[in-house]
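Following: one structure in structure tokens, then a few remarks.
Every number for a ligand or one of its atoms is a count from 1 in the order of the listing. Every heavy atom of this structure was used, including side-chain atoms; hydrogens, water molecules and symmetry mates were not. All values derive from a computational prediction rather than experimental measurement.
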Amino acid sequence: MKRIFSGLQPSGVLTLGNYLGALRRWVELQESYDCLYCIVDMHAITMPLEPTALRENIYEVAATYMACGLDPSKSTLFIQSHVAAHAELGWMLGCKTPMGWLNRMTQFKDKAGKDKEKASLGLYGYPCLQAADILLYQTHLVPVGEDQKQHIELTRDIAQSVNSAYNASLFTLPEPLISEIGARIMSLRDGNKKMSKSDPSDFSRINLRDDTDLIVQKIKKARTDAEPLPDNFDQLADRPEARNLITIYASLQGQTPQKVCETFSGQLFSIFKPALTELVIEKLEPISHRINELLSDKGELARHLKKGAERAEELASPTLRNAQNIFGFVAR
Ligand code: TYM
């Protein structure tokens with residue numbers, strides 16, 4: 001059975017972008033693949049984050065995974081720091097990755113901002129740890145949103161260069177799996193910017209745990225234009241905010257954006273926005289309700305994560321040992 005690996009950072013609230021770009025797809029995939037879904041806490045400390053907030057976020061991500069439909073009896077759900085092999089292989093791959101490759105990573109440029117001297121070594125080396133996450137499990141497919149494509153391509157480059165440097169087939173080359181619709185959900189305030197949990201404005205995103213009133217307000221205030229909707233999605237090429245709202249609707253409803261345009265053709269946003277609001281609430285309310293239920297028993301969540309880590313460790317161990325051997329380390 002082909003193997004899938006993906007992960008999400010417990011660095012803040014989870015957004016509709018995380019759901020449509022990643023989580024929702026993960027749930028479908030668990031029916032036909034051997035799936036590992038990780039809570040990447042070691043990635044989350046590459047940016048400033050209070051320890052108490054991190055701990056809460058980890059449980060919240062675990063609860064969200066399950067509330068969205070990930071089933072611990074079908075998928076391996078675990079916390080990255082529970083499997084030490086991630087850090088160990090991450091270091092080894094960092095020693096084999098030229099700085100020139102890391103300098104091209106746009107996520108580092110975005111997150112480091114203007115003052116790169118202040119960014120941590122961890123933030124810079126982040127893609128090597130991500131490569132280790134994926135390569136440890138001989139992963140075939142990595143379901144992610146569009147923004148992670150560059151990291152998966154780098155992972156392939158690292159795998160290929162290590163395999164050929166040691167003339168060994170140590171790592172499987174993974175492929176990114178990116179949905180056609182919903183792979184890049186944009187900010188509600190700026191249709192050219194990604195919807196992100198790290199955006200300072202809460203009104204730029206819909207969070208999976210937003211209550212009904214807040215969702216109503218956020219969609220009401222979402223930036224749009226005064227034009228009616230066209231009957232052809234291609235005509236929205238230079239209307240990024242309108243394009244984004246149509247994409248969100250399509251993605252939640254399981255329709256093509258073209259079909260949504262046909263349904264709302266000629267209508268103004270005063271008609272479309274309430275329909276979108278209703279759909280978002282219909283889809284998110286049960287999830288946020290279930291998250292709250294699951295969070296009321298953290299012991300149960302911890303038990304699932306422990307079992308997940310045990311399986312992940314078993315799967316990761318042969319690849320780590322093999323890499324250590326090939327690199328020339330001496331076995332204990
Ligand atoms: P993270 O935590 O930023 O996001 C988790 C997943 O959500 C997707 N996503 C989006 N998709 C569509 N529209 C958006 N606005 C949007 N925002 C986020 C992301 O593409 C991602 O799939 N580096 C990764 C975490 C990671 C990882 C891994 C992923 C660590 N190791 C190994 C895959 C495999 C990250 O920061 O994702």
Side-chain angles (χ1 to χ4, degrees), residues 3-27 29 35-47 49 54 57-58 60-61 64-65 68 70 78-81 83 86-87 89-90 93 105-108 110-111 122-123 125-137 139-156 158-159 174-199 204-208 240 243-244 247-248 251-252 312 316:
R3 179 154 304 144
I4 293 232
F5 181 96
S6 202
L8 197 150
Q9 289 193 63
S11 53
V13 289
L14 268 68
T15 71
L16 190 61
N18 295 128
Y19 179 64
L20 294 178
L23 274 167
R24 202 180 47 159
R25 188 85 188 276
W26 298 1
V27 176
L29 292 166
C35 296
L36 291 109
Y37 297 122
C38 188
I39 301 169
V40 293
D41 54 347
M42 293 196 296
H43 280 103
I45 61 166
T46 56
M47 294 293 279
L49 186 58
L54 175 59
N57 293 346
I58 291 171
E60 186 170 330
V61 173
T64 305
Y65 278 6
C68 289
L70 292 180
F78 71 106
I79 300 176
Q80 184 185 32
S81 65
V83 181
H86 289 249
L89 186 66
L93 297 181
M105 296 298 112
T106 55
Q107 182 170 297
F108 175 76
D110 292 347
K111 290 201 170 175
L123 186 66
Y126 179 119
C128 299
L129 180 59
Q130 181 160 351
D133 298 340
I134 298 167
L135 299 177
L136 268 177
Y137 300 97
T139 301
H140 300 98
L141 295 167
V142 188
V144 282
E146 181 72 41
D147 62 328
Q148 292 301 314
K149 193 170 171 209
Q150 194 184 34
H151 285 166
I152 314 302
E153 280 164 0
L154 180 74
T155 300
R156 282 176 67 86
I158 295 173
E175 299 273 355
L177 194 61
I178 298 173
S179 301
E180 245 173 69
I181 307 165
R184 195 167 172 80
I185 300 297
M186 310 310 278
S187 157
L188 300 180
R189 309 299 269 168
D190 177 352
N192 292 309
K193 238 171 87 182
K194 189 186 77 164
M195 181 181 285
S196 163
K197 51 189 168 219
S198 53
D199 192 310
S204 68
R205 60 181 162 259
I206 290 171
N207 305 316
L208 296 185
R243 209 182 152 80
N244 187 40
T247 302
I248 293 175
S251 188
L252 281 171

Please state whether the rings of Trp26 and Tyr37 are parallel, tilted or perpendicular, taking 30° and 60° as the class boundaries. parallel

Check this for me: does any side-chain nitrogen of one of Asp199 and Arg205 sit under 4.0 Å from a carboxylate oxygen of the other? no

Do we see a donor-acceptor contact under 3.5 Å between the side chains of Gln107 and Asp147? no

Which heavy-atom pair separates Ile39 from Ile58 by the least distance, and what is that distance? CD1-O, 3.9 Å

In chain-and-number order, ligand 1 lies under 4.0 Å from a heavy atom of each of Phe5, Ser6, Gly7, Leu8, Gln9, Gly17, Asn18, Gly21, Ala22, Val40, His43, Tyr126, Gln130, Asp133, Ile134, Val142, Val144, Gly145, Asp147, Gln148, Gly182, Ala183, Arg184, Ile185, Lys194, Met195, Lys197

Using a 4.5 Å cut-off on heavy atoms from C-beta on, say whether the side chain of Leu129 contacts that of Gln80. yes

Distance-only donor-acceptor check, side chains Arg24 and Ser179, under 3.5 Å: no

